[in-house]
Amino acid sequence: MNDTALCYLDFHKEHEVKLHSGAGVGMARVAQFILGQTDIQDCVPFLINCANVI
């Protein structure tokens with residue numbers, strides 16, 4: 001497993017995260033389609049990673 005996945009799992013073990021289903025559409029994917037981008041990371045306004053997770 002890569003470091004990103006381990007960081008994600010560790011965060012969920014250490015913090016209470018309520019169950020949620022999200023919008024169900026994938027708003028970043030919609031933005032990617034509208035903007036005509038090939039990389040979804042260019043369309044996400046607030047990337048979440050180990051360095052900036054609250």
Side-chain angles (χ1 to χ4, degrees):
M1 206 177 283
N2 64 25
D3 290 340
T4 302
L6 291 174
C7 178
Y8 179 80
L9 292 175
D10 289 341
F11 179 81
H12 284 275
K13 288 177 187 174
E14 297 170 5
H15 299 86
E16 181 179 342
V17 179
K18 295 183 180 187
L19 294 175
H20 63 282
S21 61
V25 176
M27 297 309 291
R29 296 278 178 205
V30 173
Q32 180 184 16
F33 174 75
I34 292 171
L35 297 171
Q37 296 291 321
T38 56
D39 189 354
I40 194 164
Q41 290 186 347
D42 294 335
C43 304
V44 179
F46 306 105
L47 288 175
I48 297 174
N49 57 37
C50 295
N52 67 4
V53 70
I54 296 174

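Throughout, residue positions are numbered sequentially from 1 according to the sequence presented.
Of the candidates K13, H15, E14, H15 is the only one forming a side chain to side chain contact (heavy atoms under 4.5 Å, CB included) with F11.
With sequence neighbours left out, the side-chain contact (heavy atoms from CB on, under 4.5 Å) criterion links Q41 to D39, L47.
The two residues C43 and Q32 come nearest to each other via the heavy atoms SG-CA, 3.3 Å.
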